[in-house]
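I have placed the structure first, in the form of structure tokens, so that the comments after it can refer back to it.
Sequence lines set the chain letters: A, B, ... in the order given, protein chains first and strands last, and positions in each chain run from 1. Predicted model, so just to flag it, every value in this text is computed and none were measured.
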Amino acid sequence: MTETSVSSPPAHELPAADDPRLKDTWARRQLIVLVVGVAVLACLPLVLGEQGESVAIRTLIFAIMAVGWNLMSGFGGMFSFGHAAFFGIGAYTGAYLLVDHGISPWISMIVAAVLSAAVGVTIAYLCLRYKLAGSYFALATFAFAQMFLLIVQNLDVLNKTEGFNVEILPSDSWSMLQFQQGSPLYFWIPLAILAVAVLISILYVRSRAGQYAQAVRDDEVAASSLGIDTMRARLIAVALSCGITAVAGVYYTQYYFFVGPEQAFGSAVSVEAIIPAVIGGIGTIWGPVIGAAVVGPLSELVATVLRNPPGFLSFLQGTSGLDVAVYATLLIIIVIVMPKGIFGTIRDRWRS
Amino acid sequence: MTDTSTGQQAQILRVSTHPTTVVAVTVVLLLAAVYVVGGKDSGLVTQSIVTGVLLGGVYALVSIGLTLIFGVLGVVNFAQGSMLTMSMYIVYALVAGPGIPVYVATLLAIPVMFMFGMFVQQFLLNRLTSTGSHEGPLLVTLGLQLLIANVLLMIFSGRPKSVGTPFDGSFDMFGAIASYSRVIAFVGAVLVGIALTLVLRRTSLGLSIRAVAANAQGAALVGVNVRRVYALTFGIGAASVAVAGGLMTPFTSLTPSVGEQFTILAFVIVVLGGLGSVLGATIGGLIIGLVQTVGALYLPGTGSLILVFAVFVVVLFLRPQGLYGAK
């Protein structure tokens with residue numbers, strides 16, 4: 001006992017508890033960035049035309065999905081190739097409750113988030129029980145998403161392949177989330193959802209549960225030997241991730257007034273959740289948002305170029321598929337050259 | 001050959017009669033049950049069994065490529081289905097352009113796809129596989145899948161294309177109708193499967209592939225060029241897809257996304273058979289082919305694919321290592 005007290009350094013050499021160097025300002029800095037970012041983006045509808053706004057809204061939906069995906073796959077280390085399953089659950093819950101029961105989409109968002117989290121936790125539990133890791137886990141989630149797609153296509157209750165059309169109301173309605181076409185509210189609402197999703201990420205990453213999940217991701221054996229309940233830590237990440245993604249789905253149905261099996265559960269949807277996060281930076285707070293801002297307008301940009309191509313590209317006029325080919329190439333290059341994504345790479349440069 | 005004497009035997013070679021017997025008996029019993037209590041016309045059942053087995057042979061060929069790549073490189077090739085589409089379009093281009101017969105075109109597509117596979121491994125995946133990352137290769141092959149499908153869309157447009165078959169017609173097989181092109185595809189798949197097994201077991205290349213699958217570091221220490229084996233394995237995987245694609249072209253309506261469903265089907269088959277097991281992929285292919293066609297008697301349209309996934313989920317939860325996988 002005495003020995004330890006002797007070997008410990010004298011109290012006056014330790015920095016004081018309120019030393020600014022010891023304060024963790026990370027979360028506060030992220031929150032400031034978030035507030036400033038939202039304030040700047042909120043002005044966008046004032047400068048964008050109707051066309052630009054619809055691109056921006058699609059980008060926001062991408063971003064929400066990517067932020068959701070990143071919680072599970074980036075911070076949790078469980079690569080999901082099947083986030084269409086959770087997006088689709090959201091889109092269909094919203095559509096079904098609204099069209100068949102007249103329930104407000106705001107309530108659907110909560111119902112969908114809970115339902116999707118429950119489904120996600122069940123799938124993840126079943127997969128993790130046998131330690132399906134890495135690519136095995138990824139493809140298992142992909143298979144589940146495909147299965148949901150097929151089930152929806154064959155269920156009468158969900159209108160099989162026809163999907164749901166949302167009735168357009170004659171007047172604005174907050175409770176039904178319908179406004180005049182081109183209203184900036186259609187932009188502000190997903191922006192608010194994205195802000196909440198990023199806020200959840202920031203708080204989660206610094207929370208005990210989030211720290212546990214990252215510890216399990218980095219070294220499962222070490223984490224469990226320190227007494228962390230690895231399954232629980234992972235399932236919390238999955239639940240948050242699936243919940244957020246489902247809310248994006250509900251909004252999707254609401255904005256486009258239509259949802260069908262392919263739009264909700266198609267494998268392209270899973271890809272749309274993965275690509276922004278990978279391009280921006282997996283396992284970072286801002287990566288998915290930056291990635292979505294890069295990928296979202298890309299297809300519009302490519303379409304514009306193709307409508308009036310410069311001379312050397314004229315052979316491409318009238319072809320379809322170039323936009324996806326471009327971001328597929330971008331994906332391959334980023335994964336090989338900058339495995340940490342745009343944001344992750346810049347951040348590491350900055351620090352060193 | 002001393003291949004079975006080592007303790008750390010490559011998964012590819014894992015051969016045991018026990019699961020085969022169990023699987024064969026189960027499948028036969030289930031099919032008998034469909035005949036007896038299925039409530040369907042027995043002629044229809046026979047027809048779907050024959051179609052299922054013929055289909056299963058081709059599935060097996062696509063899956064063998066996938067399982068080989070997984071067993072050796074530890075990479076799930078998400079672009080497997082798109083590579084299938086790509087080889088179909090190569091065959092189509094050779095048939096529609098210079099007018100080469102479809103099965104000769106298939107032979108020509110094999111080296112092209114082999115080179116393509118080697119290229120993908122050398123230039124896109126090698127750096128990632130050597131760092132041992134799981135996600136990197138998966139994402140690159142995902143990007144590759146999107147790239148192939150959309151480049152094909154740009155070149156050939158989305159309109160469905162078809163290639164005629166030189167052997168039109170069909171014949172009677174156990175009271176069911178079997179078209180020549182499907183039987184040729186099945187026989188071709190079986191021959192290539194046997195050839196691959198022989199290469200793996202009887203040649204020095206096969207020995208190095210199995211050595212790398214068992215322990216890449218150990219293989220490197222005894223003088224195997226691991227990078228070369230990786231590239232060759234990916235090439236072989238791509239070549240077997242080329243065979244499958246060429247053989248399927250006569251009875252498939254070609255669109256740039258036609259192969260996509262095969263990625264997931266092949267994955268289900270590989271999981272069912274046990275990751276890395278060639279025999280497992282073959283048996284798995286036959287089972288999934290049967291499930292799909294016999295299931296279609298009860299669930300028409302895309303419904304029979306649900307059954308395929310039901311099998312997948314059951315396997316995942318009851319026997320995640322698959323029929324022939326190591327626990």
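Heavy atoms only, all atoms of each residue included: A/G77 and B/E135 are closest at O-OE2, 4.5 Å. For the residue pair A/A328 and B/G143, the shortest heavy atom distance occurs at CB-O, 3.3 Å. Contact between A/I336 and B/R127 at its shortest, heavy atoms only, is O-NH2, 3.3 Å.
Counting heavy atoms of neighbouring residues, nucleotides and ligands inside a 6.0 Å radius, atom OH of A/Y125 does not exceed 12 of them. For B/M115, the CE atom is loosely surrounded, since the number of other residues' heavy atoms within 6.0 Å does not exceed 12. Counting heavy-atom neighbours within 6.0 Å of A/R347 CZ, excluding the residue itself, gives a total above 12.
The distance from the CZ atom of A/F148 to the CD1 atom of B/I306 is 11.5 Å, given to the nearest 0.5 Å. Rounding to the nearest 0.5 Å places CD of B/Q261 at 11.5 Å from OG of A/S267. Between atom CD of residue A/Q146 and atom CG of residue B/L305 there is a gap of 9.0 Å, rounded to the nearest 0.5 Å.
Looking at A/I274, only its side chain comes within 4.5 Å of chain B, counting heavy atoms on both sides. If you measure heavy-atom distances from B/L152 to chain A, you find no contacts under 4.5 Å at all. If you measure heavy-atom distances from B/V75 to chain A, you find no contacts under 4.5 Å at all. Neither the backbone nor the side chain of A/A268 has a heavy atom closer than 4.5 Å to any heavy atom of chain B. With a threshold of 4.5 angstrom between heavy atoms, A/I282 approaches chain B through side-chain atoms but not through N, CA, C or O. Using a 4.5 Å cut-off between heavy atoms, A/I275 contacts chain B through its side chain alone, with no backbone atom that close. If you measure heavy-atom distances from A/V335 to chain B, the contacts under 4.5 Å come from both the backbone and the side chain. Of the atoms belonging to A/V271, it is side-chain heavy atoms, and not backbone ones, that fall under 4.5 Å from chain B.
Side-chain contact check for B/L139 versus A/F79: some heavy-atom pair is nearer than 4.5 Å. For the pair B/L147 and A/L331, the minimum side-chain heavy-atom distance is 4.5 Å or more. The shortest side-chain heavy-atom distance between A/I332 and B/L144 falls under the 4.5 Å cut-off. Side-chain contact check for A/N154 versus B/L299: every heavy-atom pair is 4.5 Å or farther apart.
Of the residues considered (B/I148, B/L142, B/V308, B/V151), B/L142 shows the highest number of contacts with chain A, using heavy-atom pairs under 4.5 Å. Options B/V76, B/V140, B/I264, B/V313 differ in how many heavy-atom pairs under 4.5 Å they form with chain A, and the most are formed by B/I264. Most heavy-atom pairs under 4.5 Å with chain B: of the set A/A143, A/S73, A/A325, this distinction falls to A/A143.
Taking the six-membered ring for Trp and the full ring otherwise, A/F81 and B/F78 have centroids separated by under 6.0 Å.
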